[in-house]
Amino acid sequence: MSTSRRLPGSLPALAITTGAFGILLCYWDSIGFSTFSSDPINYWADSLYWQHPFNEFHVAGYPLLLALARGITFDALSPIALMTTITGVALLAGVHGTYRLASAVGCLRRTSRAAATAFGLWPFVGTVYAAFPIADALVLSLMVWAAVWIVRGRAIPAGLLLGLAAVTHKSLWPAIGLAVVVSWCWTDRGRAFGARVSAFAAAPVVALWVAGIADGESATWLLASSADDGIAPLRRNSIPVFDGLVGTVLYGDAVARARLVMVLAAVALALVVLLSSYRRWREPFPAMAAVFALEIVGLALVMNQHLVWSSVRFSGLLAVPGAVLVASRLDAIPTRRWHLLAAAAVAVLVGTQLLTAWEGADRGWLGYL
């Protein structure tokens, strides 16, 4: 077997993402920015008390993974080294999963690599929220791989990955719930497929919920959250509707309004994906593309001005749906021109990561948004 057949097709995207990830880490180290603050500290604290991982703000998936990794490594690594390793590996797993998803829906190698690279270097956020070691990279990877198995018609791994995503990050609960619902509607799969997806998606959530009740938590503990800090209608002093969009324009500073431009760009892409998918929602991939698009639009509409950036943080889910829309044009670009365009795009995308890393570290908002 030749070497080219043994190497994964996603290798260029993996190498580029790894390089960008390393550059960002070196940059933060050079300016003395510590990522062990805010949410990373809270996740680490939860991992130290892994027997009682029933935090109303953060679900237990990531802290339990940290606890397992601590045990495997005999606590030999510092918190930041261990957490960054886990989130970096999760990011690369998501990059490879994006390549596999694009290939599974019929994209040629060039488009699949472009989608995978775009996921890893998603504008302004791709490597940032892995280098700042919170749960984003992990839950995005789980969602991408769930979509891979959904497209391939494998209900058990798809459902289990959706369930693990549900116990990793609450922000994607709407997308997870919608994915389970539409799995019942796919004409070529039958009701049994939806039933298996639902059962395996529910298993991790039910297990965590029951464990919390057995530990003395209330029956509604899993639904308790920081929603009143993030969802505009529930937050005091927020505009009741569209605070993330309107409130940022009215009350945000220049930087907040610049970030709002990125939010609107993510929403615009999501709407294009949604419009291109809605007529085929009874097919697995168009349905999942629509689910991802609805998640991004929903976050932009309901989150307040302090947390509306989350619609950008999770918009890497649109990498494959977006690539599918332009696949024919990408594949038609001559090879030499393609290499130049790809190099320029990578440089720009890495630049956006560094801009977010600089601005977030300088103003201290990374742990808050």
Side-chain angles (χ1 to χ4, degrees), residues 9-10 59 61 93-94 96-108 111-112 115-116 119 138-210 222-223 270-298 314 316-325 327:
S10 60
V59 279
H96 184 61
T98 300
Y99 178 87
R100 296 285 295 272
L101 178 60
S103 299
V105 299
C107 293
L108 300 180
T111 299
S112 297
F119 176 90
L138 182 59
V139 74
L140 285 171
S141 180
L142 290 169
M143 288 297 292
V144 167
W145 277 100
V148 171
W149 293 117
I150 282 171
V151 168
R152 293 186 172 183
R154 300 286 297 278
I156 293 175
L160 184 58
L161 288 169
L162 288 173
L164 291 175
V167 298
T168 299
H169 209 302
K170 289 186 176 183
S171 291
L172 291 186
W173 277 7
I176 295 164
L178 283 172
V180 171
V181 170
V182 298
S183 71
W184 288 84
C185 304
W186 294 325
T187 53
D188 63 336
R189 299 284 169 87
R191 296 290 178 87
F193 184 85
R196 289 195 295 270
V197 169
S198 301
F200 281 89
V205 180
V206 172
L208 180 62
W209 175 61
V210 171
L222 191 58
L223 298 178
L271 290 175
V272 171
V273 169
L274 188 61
L275 290 173
S276 69
S277 304
Y278 82 97
R279 293 194 179 195
R280 299 172 55 204
W281 65 274
R282 288 184 179 274
E283 301 172 32
F285 176 70
M288 288 303 297
V291 164
F292 291 160
L294 286 170
E295 171 74 22
I296 303 310
V297 173
F314 298 111
L317 291 172
L318 301 176
V320 174
V324 168
L325 294 176

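Both backbone and side-chain heavy atoms feed into the values below; hydrogens, waters and symmetry mates do not.
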With sequence neighbours excluded, tell me which residues meet side-chain contact (heavy atoms from CB on, under 4.5 Å) with Pro174.
Glu295

Holding to side-chain contact (heavy atoms from CB on, under 4.5 Å), I want the full list of residues that pass it with Val297, two or more places apart in sequence or in another chain.
Val267, Ala270, Leu271, Leu301

Side chains of Val59 and Trp173 in contact at under 4.5 Å (non-hydrogen atoms):
yes

Any donor and acceptor pair, going by atom type alone, linking the side chain of [X] with main-chain N or O of [Y] inside 3.5 Å?
{"X": "Trp281", "Y": "Ala290", "result": "no"}
{"X": "Arg191", "Y": "Cys185", "result": "no"}
{"X": "Trp145", "Y": "Ala93", "result": "yes"}
{"X": "Ser141", "Y": "Leu138", "result": "no"}

I would like to know whether Val320 and Met288 meet side chain to side chain contact (heavy atoms under 4.5 Å, CB included); could you show each step before the answer?
CA-CA 10 Å; Val320 174; Met288 288 303 297; over 6 Å; no

Could you state the interatomic distance from CG (Leu294) to CG (Leu274), rounded to the nearest 0.5 Å?
5.0 Å

Calculate, to the nearest 0.5 Å, the distance between atoms CG and CG belonging to Leu142 and Leu162 respectively.
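Spacing of CG (Leu142) from CG (Leu162) equals 9.0 Å.
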
Mind listing the closest non-hydrogen atom pair of [X] and [Y] along with its distance?
{"X": "Ala287", "Y": "Trp186", "value": "CB-NE1, 3.2 Å"}
{"X": "Lys170", "Y": "Leu222", "value": "NZ-O, 3.1 Å"}
{"X": "Leu161", "Y": "Ala146", "value": "CD1-N, 3.7 Å"}
{"X": "Leu160", "Y": "Pro204", "value": "CD1-CG, 4.1 Å"}
{"X": "Cys107", "Y": "Val324", "value": "SG-CG2, 3.8 Å"}
{"X": "Val205", "Y": "Gly163", "value": "CG2-O, 4.2 Å"}

Could you tabulate the donor-acceptor pairs under 3.5 Å formed by side-chain atoms of residues 192-203, not counting sequence neighbours?
from	atom 1	to	atom 2	distance (Å)
Ser198	OG	Trp184	NE1	2.8
Ser198	OG	Gly194	O	2.8

Solution key, residues 98-105 side-chain donor-acceptor pairs under 3.5 Å, sequence neighbours excluded:
from	atom 1	to	atom 2	distance (Å)
Thr98	OG1	Gly94	O	2.8
Ser103	OG	Tyr99	O	3.0
Ser103	OG	Ser112	OG	3.3

Which residues pass the salt bridge (Lys or Arg N to Asp or Glu O under 4.0 Å) test with Arg280, not counting sequence neighbours?
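Here the qualifying residues are Glu283.
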
Apply the test side chain to side chain contact (heavy atoms under 4.5 Å, CB included) to residues Ile156 and Trp149: give CA-CA distance (whole Å), side-chain angles for both, the deciding distance (0.1 Å), then the verdict.
CA-CA 9 Å; Ile156 293 175; Trp149 293 117; over 6 Å; no

Under the side chain to side chain donor-acceptor pair (under 3.5 Å) test, which residues partner Ser183, sequence neighbours left out?
none

Using 30° and 60° as the class boundaries, would you call the ring planes of His169 and Phe314 parallel, tilted or perpendicular?
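Taking Phe314 first and then His169, their aromatic rings stand perpendicular (interplane angle over 60°).
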
